[in-house]
There are 2 protein chains.
Amino acid sequence: MKKKQVEQDIINAAVKIFVAKGKDGARMQEIADSAGVNKMLLHYYFKDKDTLFLEVVKNINADLYGSVIEESMNTLTFQEFLSVFIDRHFNYLNERKDSFQFLLWEISRKQVDLHEIISGSNNPYGKNPFEILSDRLADAIAKEEIREVDTTEFILDLFSLDRFLFIGLPVIRGIAPMDDAELASAIERRKKEVFRLLWNDIKIN
Amino acid sequence: MKKKQVEQDIINAAVKIFVAKGKDGARMQEIADSAGVNKMLLHYYFKDKDTLFLEVVKNINADLYGSVIEESMNTLTFQEFLSVFIDRHFNYLNERKDSFQFLLWEISRKQVDLHEIISGSNNPYGKNPFEILSDRLADAIAKEEIREVDTTEFILDLFSLDRFLFIGLPVIRGIAPMDDAELASAIERRKKEVFRLLWNDIKIN
DNA sequence: GTCTATAATTCGATAGAC
DNA sequence: GTCTATCGAATTATAGAC
């Protein structure tokens with residue numbers, strides 16, 4: 001079912017404003033202005049602010065299921081796989097850092113019911129990244145490509161190291177301003193460092 | 001200069017409500033009710049919402065300078081120091097996880113001017129944790145207790161690994177509920193894992 | 001479907017009595 | 001200093017014309 005142009009314009013504007021201001025800080029008028037439509041139309045198409053907010057969260061969530069893991073990565077050795085995963089994961093998180101922070105905030109304020117979001121979304125990739133990584137790890141251990149690792153702890157290590165830079169970025173930038181070029185080079189350094197640290201930890205010899 | 005009881009009650013209540021709801025979501029009436037005072041008194045003592053909010057941020061920030069590093073840790077080997085630091089850091093973050101998330105959110109929404117906060121606060125411990133860790137690392141390298149590491153990357157690794165559990169907790173709890181006892185044991189597992197990973201990476205033999 | 005006008009409500013802030 | 005009462009602005013939501 002294809003959405004009308006106006007409807008889509010409103011959703012796009014709503015995503016932008018809600019992510020920038022949060023649910024409580026966002027104003028219906030500002031969303032209407034940003035979408036270039038009459039404020040009344042927001043209510044015509046989406047009833048009220050709560051309904052529009054839910055629509056926004058669903059849209060953002062759907063985008064977060066775009067996986068960093070592709071079929072083509074199946075043939076890689078685990079060492080190669082890990083390197084490619086980290087590279088793609090950093091890029092993926094960098095492009096969605098604001099969405100992640102927004103969701104994290106609204107989830108912890110209980111403005112978002114995770115179960116409703118998750119059950120309602122058809123993850124087009126079937127398994128989630130956690131499951132795929134678990135399988136790949138178990139496989140590499142069986143093939144003796146890596147030592148026996150605790151899967152949960154390893155994935156927590158990996159996610160921690162990948163995500164922190166983006167989470168702390170607003171603070172870092174508030175203290176020591178950093179332009180996009182500097183951020184890009186910091187990201188590249190982190191990719192190398194995270195791979196080095198984790199691979200050294202799990203490689204066999 | 002000692003604050004009156006009423007004034008302090010208002011600040012305590014304001015910290016609670018602002019952290020729970022965010023600046024935009026917090027209501028002056030709710031703060032007054034929580035403090036058990038008439039709403040008008042908030043304006044009498046703090047003029048307006050912005051001023052009260054700034055007071056709250058200053059209070060929270062002051063609490064964040066309580067260092068996890070004590071004098072007594074100076075005599076430890078670096079291996080012992082790292083272990084103790086991680087242990088104390090996890091406990092410290094666990095007690096302040098909501099405050100951290102609140103500040104992170106408001107800073108990125110530009111509701112908080114970091115320079116105003118930092119310059120206005122007398123850090124009673126002189127150096128910040130980043131500086132202390134840098135010094136300690138340089139010292140350990142000079143004494144050949146650990147290999148030559150890139151100080152910035154090592155500290156980013158450490159902070160990433162320490163903080164992520166608490167940042168992601170609202171999501172984890174939203175999907176798979178976890179009571180305080182389970183959280184406590186997860187924290188203990190993470191302390192061990194983070195120390196193991198980092199120490200293996202930097203030890204010499 | 002889209003607009004103008006406005007109702008209804010919430011909320012921060014203030015006036016003024018005590 | 002503290003309270004009651006209330007103002008006025010901001011904001012969501014709706015009524016009704018076109």
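Per chain, numbering begins at 1; letters A, B, ... match sequence-line order. Here the structure is a predicted model, which means the values were calculated and not measured.
- Counting to the nearest Å, the P atom of D/dT11 and the NZ atom of A/Lys21 are 10 Å from each other.
- Annotation for B/Lys58: atom NZ does not count as buried by contact number, only 12 or fewer foreign heavy atoms lying within 6.0 Å.
- In this structure, the CG atom of A/Leu41 is 5 Å from the P atom of C/dT2, given to the nearest Å.
- Atom P of nucleotide C/dG1 and atom CG of A/Asp9 are separated by 14 Å, given to the nearest angstrom.
- Counting any heavy atom pair closer than 4.0 Å across all strands shown, A/Asn38 reaches a base atom.
- Contacts of B/Val6 with the nucleic acid, taken as non-hydrogen atoms under 4.0 Å apart, involve only primed sugar atoms and P, OP1 or OP2.
- Rounded to a whole Å, the CG atom of B/Leu42 is 14 Å from the P atom of C/dC11.
- If you look at B/Phe166 and B/Phe100, their ring centroids are not closer than 6.0 Å.
- B/Tyr45 comes within 4.0 angstrom of sugar-phosphate atoms only, judged by non-hydrogen atoms across all strands, and of no base.
- Remark: A/Arg27 is not in phosphate contact with D/dA10, judged by side-chain N or O atoms under 4.0 Å from OP1 or OP2.
- Taking atom CD of A/Gln29 as the reference point, atom P of D/dA13 lies 13 Å away to the nearest angstrom.
- Within the cation-pi definition used here (under 6.0 Å to the ring centroid, within 45° of the axis), A/Arg136 qualifies as a partner of A/Phe81.
- Projected onto DNA chain C by closest heavy-atom contact, B/Lys39 and A/Lys39 fall at different nucleotides, the more 5' of which corresponds to A/Lys39.
- A sub-4.0 Å separation between OP1 or OP2 of D/dT14 and a side-chain N or O of A/His43 is absent.
- Atom C1' of nucleotide D/dG1 and atom CD1 of B/Ile10 are separated by 11 Å, given to the nearest angstrom.
- Whole-Å rounding puts the B/Asp24 CG to C/dG12 P distance at 11 Å.
- Remark: A/Arg196 fails to qualify as a cation-pi partner of A/Trp199 under the 6.0 Å distance and 45° angle criteria applied to the six-membered ring.
- Cation-pi geometry between B/Arg163 and B/Phe159 is met: under 6.0 angstrom from the ring centre, within 45 degrees of the axis.
- Using a 4.0 Å heavy-atom cutoff across all strands shown, B/Ala32 reaches no nucleic acid atom at all.
- Summarising the geometry, the separation between CE on B/Met40 and P on C/dA15 is reported as 10 Å, rounded to the nearest angstrom.
- When distances are taken from the side chain of B/Asp48 to each of C/dA13, D/dT12, C/dC3, the shortest belongs to C/dA13.
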